[in-house]
There are 2 protein chains.
Amino acid sequence: MSNIIDLMKTGVRSPATEAWVLMRDIAIVNKARVFAIASEFELYPAQVHALYTLAPGEEMPMSSLAATLHCDNSNVTGIVDRLEARGLIERRSSPSDRRVKLIALTPEGEAMRERMRERLDTPPPEIESLSRADQRALRDLLRRARGDDD
Amino acid sequence: MSNIIDLMKTGVRSPATEAWVLMRDIAIVNKARVFAIASEFELYPAQVHALYTLAPGEEMPMSSLAATLHCDNSNVTGIVDRLEARGLIERRSSPSDRRVKLIALTPEGEAMRERMRERLDTPPPEIESLSRADQRALRDLLRRARGDDD
DNA sequence: TATTGTTATACTCTATAACTATA
DNA sequence: TATAGTTATAGAGTATAACAATA
């Protein structure tokens with residue numbers, strides 16, 4: 001177990017560090033899910049992220065999509081090309097700036113995104129296994145962590 | 001199931017689902033960090049993951065590495081090739097099964113992995129901003145979620 | 001026969017640079 | 001001059017299939 005080796009090297013972890021490492025380990029299931037969903041829908045992980053990033057009924061400039069996906073504008077051209085060829089999204093011209101192209105989900109894209117979202121948002125077994133009281137306590141702690149006003 | 005869908009569409013989520021979505025949103029910073037670290041060390045994200053997966057002083061079959069990285073054995077050949085060319089890992093023959101090749105970190109690989117690990121394990125601001133009591137409470141909840149006996 | 005890792009192939013992802021059309 | 005998106009290029013990731021060595 002690499003955790004034990006790391007602990008011996010670094011000594012005892014702070015509660016914040018241990019909480020973060022535990023959280024990250026649990027959240028890893030999300031990566032496995034993106035892979036499974038991508039293969040099921042015959043997409044690539046980057047295409048799943050792009051589809052999930054687009055909000056139903058809203059338009060987003062390609063540059064914003066590039067920022068969210070942590071990649072260059074030039075990559076987004078290809079990703080959008082393939083999603084558009086599948087009929088899942090469409091390009092629209094921006095009325096305010098004709099250099100800009102706005103991306104939006106088609107009805108088919110919205111339907112596929114919704115099916116993906118259901119799966120992605122389902123809590124993993126680790127969270128389901130907690131008592132209802134613990135689930136609420138965890139939610140409240142994470143709301144505070146994100147700075148929400150309870 | 002349509003109950004859950006209706007709930008989600010109206011914005012009302014179960015505590016478990018909301019906790020999971022919040023946790024995932026916070027854990028997203030890890031992805032940005034992997035990208036930043038990859039570019040800083042002149043590696044690709046998959047190479048960072050491979051390096052981080054290997055525990056110092058331990059050997060791992062290539063097939064195990066493939067399973068952890070969620071990719072095919074054939075991909076690991078190339079990833080391992082490039083990390084080996086950089087002197088960060090090495091292939092060893094398994095004494096018990098001569099089909100198997102075991103991967104292990106070199107001293108240089110261990111040093112680089114340790115520098116990466118320090119950065120990856122640093123809690124994000126969301127967790128640092130919590131009170132010490134909340135940090136401990138979060139840690140304890142996540143330990144229970146993962147099934148650790150406190 | 002089945003499995004581990006490699007090779008070959010084809011496609012996607014990714015960054016960089018050069019290009020266009022706008023602003 | 002600067003910016004949004006495209007195109008071209010090159011290298012890396014990914015799955016599938018075929019293969020050699022080994023079990």
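In what follows, every chain begins at residue 1, and chains take the letters A, B, ... in the order their sequences are listed.
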Undergrad: Whole Å only: how far is the CZ atom of A/F41 from the P atom of D/dA15?
TA: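 Interatomic distance, CZ of A/F41 to P of D/dA15: 18 Å.
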Undergrad: In whole angstroms, how far is the C1' atom of D/dA4 from the CZ atom of A/R92?
TA: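 Roughly 18 Å, once rounded to whole Å.
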Undergrad: Any Lys/Arg nitrogen of B/R117 or B/E114 sitting under 4.0 Å from an Asp/Glu carboxylate oxygen of the other?
TA: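 Answer for the salt bridge query: yes.
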Undergrad: Using a cut-off of strictly less than 4.0 Å, decide whether A/T77 has a side-chain nitrogen or oxygen near OP1 or OP2 of D/dT6.
TA: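 Answer is yes, contact under 4.0 Å.
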Undergrad: Given C/dC13, C/dT6, D/dG13, which nucleotide is nearest the side-chain atoms of A/R82?
TA: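 Closest nucleotide among those given: C/dC13.
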Undergrad: List for me each residue that meets ring pair (Phe, Tyr, Trp, His ring centres under 6.0 Å) alongside A/F35, sequence neighbours excluded, and say none if there are none.
TA: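 Applying ring pair (Phe, Tyr, Trp, His ring centres under 6.0 Å) to A/F35 gives B/H70.
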Undergrad: Take nucleotides 15-23 of chain C nucleotide by nucleotide from the 5' end and write B, S or -, depending on whether a protein heavy atom sits under 4.0 Å from the base, only from the sugar-phosphate, or from neither.
TA: BBB---BBS
Undergrad: Classify the side-chain pair A/S74/A/T77 by whether it contains a donor and acceptor separated by less than 3.5 Å.
TA: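 Short answer, no.
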Undergrad: What is the separation between atom CG on B/D81 and atom P on C/dG5, rounded to the nearest whole Å?
TA: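 Rounded to whole Å, this separation is 13 Å.
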Undergrad: Report the distance from atom CD1 of A/I89 to atom C1' of D/dG5, rounded to the nearest whole Å.
TA: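 Rounded to the whole Å, the gap is 14 Å.
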Undergrad: Grab the NE2-P distance between B/H49 and D/dG13 for me, whole Å please.
TA: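 Going from B/H49 (NE2) to D/dG13 (P), I get 12 Å.
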Undergrad: Which pairs pass side-chain hydrogen bond (donor to acceptor under 3.5 Å, both in side chains) with one or both residues in residues 86-96 of chain A, sequence neighbours excluded?
TA: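 Listed once each, the pairs are A/E59-A/R92, A/D81-A/R91, A/E84-A/R91, A/E90-A/R92, A/S94-A/S96.
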Undergrad: For residues 100-126 of chain A, pull every pair meeting ring pair (Phe, Tyr, Trp, His ring centres under 6.0 Å), keeping only residues two or more places apart or in separate chains.
TA: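 Qualifying pairs: none.
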Undergrad: What is the distance, to the nearest angstrom, from the CD1 atom on A/I103 to the P atom on D/dA4?
TA: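 Whole-Å distance recorded here is 14 Å.
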Undergrad: Hey, what else clusters with B/I28 if you join Ile, Leu, Val, Met, Phe, Trp, Tyr whenever side-chain heavy atoms sit under 4.5 Å?
TA: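 Joined to B/I28, directly or through intermediates: none.
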Undergrad: Once ring pair (Phe, Tyr, Trp, His ring centres under 6.0 Å) is applied, what residue pairs with a partner in residues 93-147 of chain A remain, sequence neighbours excluded?
TA: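 Of all non-adjacent pairs touching residues 93-147 of chain A, none passes ring pair (Phe, Tyr, Trp, His ring centres under 6.0 Å).
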Undergrad: Between A/I79 (CD1) and C/dC11 (C1'), how many Å, whole number?
TA: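 It works out to 14 Å between those atoms.
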Undergrad: Checking B/F41 now: which residues fulfil ring pair (Phe, Tyr, Trp, His ring centres under 6.0 Å) with it, not counting sequence neighbours?
TA: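 With sequence neighbours excluded, B/F41 shows a ring pair (Phe, Tyr, Trp, His ring centres under 6.0 Å) to no residue whatsoever.
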Undergrad: Sequence neighbours left out, what pairs pass side-chain hydrogen bond (donor to acceptor under 3.5 Å, both in side chains) with at least one residue falling in residues 37-51 of chain A?
TA: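 Sorted result for residues 37-51 of chain A: A/E40-A/R119.
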Undergrad: Provide, to the nearest angstrom, the distance between the CG atom belonging to A/L43 and the C1' atom belonging to D/dA15.
TA: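 It works out to 15 Å between those atoms.
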Undergrad: Please list, in numerical order, the residues of residues 52-69 of chain A that have a heavy atom closer than 4.0 Å to any atom of DNA chain C.
TA: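 Within this stretch, nothing sits under 4.0 Å of the strand.
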